[in-house]
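See below for the structure under consideration.
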Amino acid sequence: MRPDQLDLLTTVDAPTLTPDGGRLVVGTSRPDFTTDGYTGQLWVMPTDGSSPPRRLTQGYRDCGAQLSPDGTTVAFLRSPAPDADSAASSSPQLALIPLDGGEGRIVTDRRLGVTGFTWSPDSRWITFSSPEPEPGRYGTVAGVGPGQEDPRLVTGPDHRLNGEGYTADKRPRLFEIEVPDAAGEPVFAARGRMAEPQGSQAVPPALPTARPLTGGERAASDPVYAADSRHVFFATTPEAGFGQSLRTAVAVVEARRGPAGVPRPAGSGPSADPDAGPVRLVAGGTDVRVGFGSPCVSRNGEWLYVLGQDLGESGLEFVASNGAVYALPAAGAVREASTGWDRPVAGLQPRLLTDPAAMGFAGPLRPTGQDQVLALGASRGRTILVRVSHHGQPEVIVDQQGEVMGACEAGGTLAVTSTSAASPGAVSIQHRGSGLQELFDPNAAWRADLPPAAGLEREYGATGDPRGHRPDQPAVHGWVFLPEGSGPHPVILNIHGGPYAQYTWSWFDETQVLVAAGYAVVMCNPRGSDGYGADHGASIQGRMGTVDHQDIIAFLDGALEEFGPAGSGQLDAGRIGIQGGSYGGYMTAWITAHDHRFTAAIVERGYLDPVSALGSSDIGWFFSEQYMGSDPERLRQQSPLHHVDQVRTPTLVIHSEEDLRCPIEHAQRYYRALWARGVEAELLIFPGEDHELSRSGTPWHRRVRFEHLLRWWDRHLATQVTDE
């Protein structure tokens with residue numbers, strides 16, 4: 001694909017099914033150059049394929065659909081189209097639409113938007129999470145902009161997050177609304193005389209009243225109802241105020257205190273007792289090694305599943321600490337939850353169901369059957385779907401060349417959204433007794449004219465392999481992408497971020513752009529990557545730039561031996577570029593300081609100085625020490641900036657102005673050091689973007705980024721370069 005074809009790529013979010021599994025709703029999203037934003041709607045379709053998918057909504061950006069348990073109504077998040085001249089919030093709001101069609105109705109007006117939500121089992125209530133701004137901030141006072149707000153007093157290290165900015169002054173809280181009658185007459189805001197205080201009581205509110213369930217001392221997210229439709233489990237932080245560890249916890253709150261009473265029809269008015277009960281701790285705590293989150297209640301209401309991560313005694317030991325699935329009785333969790341935050345009562349001990357040393361799991365967890373749960377696991381360049389019961393016994397149910405992005409099961413029908421080497425997003429269905437079959441691919445039309453390049457899966461460098469780089473070299477797993485034609489093609493070695501991440505079989509727009517432009521791409525998962533077990537991931541701790549460097553070069557050497565001059569001749573060993581972002585930027589800068597074979601390099605959003613990152617990065621307060629140690633000299637020795645005087649490779653440095661993960665001063669100092677030493681270098685800065693530029697930045701900036709990548713590589717790799 002070309003950079004100007006970026007707006008063809010459509011992704012899909014997690015699916016949702018009617019209770020009988022007969023119909024499915026899913027959201028799509030694609031970059032839109034016209035509005036310089038992301039647009040997409042909800043689609044509905046029968047799961048038997050009897051009729052084609054159709055758009056259910058017509059909003060600018062509709063996503064995150066969840067069908068009500070009774071199967072009649074779809075709740076989703078709606079964001080308005082970008083409007084530079086409007087002062088209205090562009091944050092997503094909660095909206096409802098009947099499954100059979102109609103107009104979408106927005107039911108919240110949160111200043112900073114809605115971040116997540118859940119239906120109650122009786123379909124009468126929705127609890128949602130939303131950031132609550134401190135008074136005087138974020139436009140809560142007319143005429144007081146960001147530059148006029150009161151100063152911020154910081155009392156802990158965890159106070160900023162890339163893409164969000166300051167966090168302690170807008171912690172997400174939980175709110176509950178009663179679902180309005182979808183067939184009822186719409187209500188509009190009062191005007192004129194009826195808007196006066198004395199007359200306002202006679203007019204129903206235009207939006208359902210959102211009752212707060214949690215306070216602002218702790219963040220609250222990922223809500224899910226217990227079987228009684230009254231208690232809400234959610235993820236939070238056991239520490240109040242500014243965080244000083246990575247610990248998370250699962251808590252419960254009673255949304256409406258008192259007996260459940262007789263069910264009332266939707267839209268029948270406020271409940272008799274609108275006050276919520278106290279927040280109580282279920283799993284985790286300030287004195288607990290394991291942090292818990294992503295709660296999920298089984299369909300029969302008997303089991304509460306959670307994800308847990310062992311963070312050690314300090315609460316900071318995150319390196320290669322895989323998420324694992326745990327379970328505990330849901331009724332006991334409601335009954336025995338404690339009001340303290342150090343640790344739950346002895347009877348609430350989540351039981352470990354999966355092996356964190358072998359595989360890491362990520363949320364959100366989703367119920368399946370009556371008492372089981374679906375979880376996503378990372379495995380050798382794939383994200384697989386695993387079913388887990390409260391007895392343990394994890395069972396892989398979807399394992400294919402790609403990544404499962406979301407899943408849902410109802411009525412014996414399994415729906416899966418995924419990416420693959422062939423498509424950025426598709427929906428598949430598996431009925432009882434059948435295999436997984438594709439149901440909907442919004443990318444099918446353009447793929448017929450733009451067939452994606454397919455990677456060749458390889459393992460290089462194992463001990464005993466003639467291509468081995470060193471006697472103790474383990475096998476390194478990865479892919480080689482070859483352009484059309486016999487070559488020899490210039491080569492680009494691409495290094496992933498993380499480091500605890502993985503390249504996968506999935507569609508990767510960067511690879512597709514480079515291959516279409518005539519470059520071979522070599523990419524692998526060295527030691528330190530996810531998907532190969534905890535020991536593999538932790539092997540670079542305290543020695544960044546050693547065995548990971550060794551693995552990357554071993555894979556490159558293996559590819560050159562098979563496809564280079566001594567092999568098939570498709571790769572040009574004299575024209576090799578190297579690039580990477582974040583940890584990949586770190587490794588690119590590290591390798592070019594120690595290996596001068598590369599014709600040119602691109603260092604993007606690099607974590608280039610772990611010493612300054614201790615205070616300047618949003619994760620620096622724990623990341624640098626956990627990965628590189630606390631000894632100042634060892635930190636310096638693992639810093640690419642400390643070795644920049646050894647770099648001779650022409651380098652393009654790319655960074656975003658609002659990157660809090662790897663602050664722009666890393667790029668500025670690195671570029672300045674290259675320039676001062678006479679190394680050919682350029683610094684490309686993107687305004688208004690953060691660490692996620694290449695993945696979710698504005699479409700025009702993503703397109704321009706690709707154009708600069710190709711410009712740089714065309715200058716240095718498009719013609720024969722001889723190593724003097």
Side-chain angles (χ1 to χ4, degrees), residues 218-224 226 233-239 243 245-252 279-298 302-330 332-334 336-338 340-368 371-379 383-395 500 530-531 533-535 537-538 622 626:
R218 296 171 174 83
S221 61
D222 302 329
V224 60
F233 297 106
F234 62 97
T236 187
T237 52
E239 295 170 341
S245 76
L246 302 178
R247 293 184 180 94
T248 56
V250 170
V252 65
V279 171
R280 297 178 294 139
L281 181 64
V282 171
T286 57
D287 297 337
V288 179
R289 290 179 57 103
V290 180
F292 293 99
S294 193
C296 176
V297 176
S298 64
E302 294 183 5
W303 295 98
L304 172 64
Y305 290 92
V306 293
L307 286 178
Q309 182 184 21
D310 190 337
L311 297 167
E313 295 299 330
S314 68
L316 295 172
E317 299 165 32
F318 78 102
V319 176
S321 178
N322 285 325
V325 183
Y326 292 74
L328 65 162
V334 169
E336 300 178 36
S338 59
W341 287 99
D342 54 345
R343 61 178 60 248
V345 298
L348 289 182
Q349 293 295 324
R351 183 158 43 88
L352 178 63
L353 305 175
T354 61
D355 180 4
M359 182 182 296
F361 288 92
L365 302 176
R366 290 290 182 255
T368 182
D371 60 357
Q372 298 172 308
V373 73
L374 299 173
L376 303 179
S379 175
T383 300
I384 63 177
L385 185 64
V386 179
R387 181 167 52 216
V388 185
S389 82
H390 54 92
H391 299 295
Q393 303 169 344
E395 175 190 3
Y500 202 53
D530 192 6
D535 290 344
F622 63 89
Q626 288 299 315

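What you see is a predicted model; the values in this text were computed from it and never measured.
- The minimum heavy-atom distance linking V252 with A333 is given by the pair CG1-O, 4.4 Å.
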Just do the side-chain contact (heavy atoms from CB on, under 4.5 Å) check on V250 and T236 with the steps written out, would you?
-> CA-CA 6 Å; V250 170; T236 187; over 6 Å; no
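- Residues V325 and L307 have side chains in contact (heavy-atom distance under 4.5 Å, counting atoms from C-beta outward).
- Within the structure, every pair that satisfies the side-chain hydrogen bond (donor to acceptor under 3.5 Å, both in side chains) test and touches residues 306-316, not counting sequence neighbours, is listed here: R289-D310, R289-E313, S314-E317.
- Looking only at side-chain heavy atoms (C-beta outward), L311 and V290 stay at 4.5 Å or farther from each other.
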For L328 and V282, what are the C-alpha separation, side-chain angles and deciding distance, and is it a side-chain contact (heavy atoms from CB on, under 4.5 Å)?
-> CA-CA 10 Å; L328 65 162; V282 171; 3.9 Å; yes
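- By the 30° and 60° cut-offs, the orientation of the rings of H390 relative to W303 is parallel.
- Between the side chain of Y305 and the backbone N or O of D371, at least one donor-acceptor pair lies under 3.5 Å.
- Under the 4.5 Å side-chain criterion, counting only non-hydrogen atoms from C-beta, D222 is not in contact with F234.
- Side-chain contact between L316 and Q626 is present, with at least one heavy-atom pair separated by less than 4.5 Å.
- The backbone N or O of V306 sits nowhere less than 3.5 Å from a side-chain atom of S294 that would complete a donor-acceptor pair.
- Other residues, nucleotides and ligands place no more than 12 heavy atoms under 6.0 Å from the CG atom of D535.
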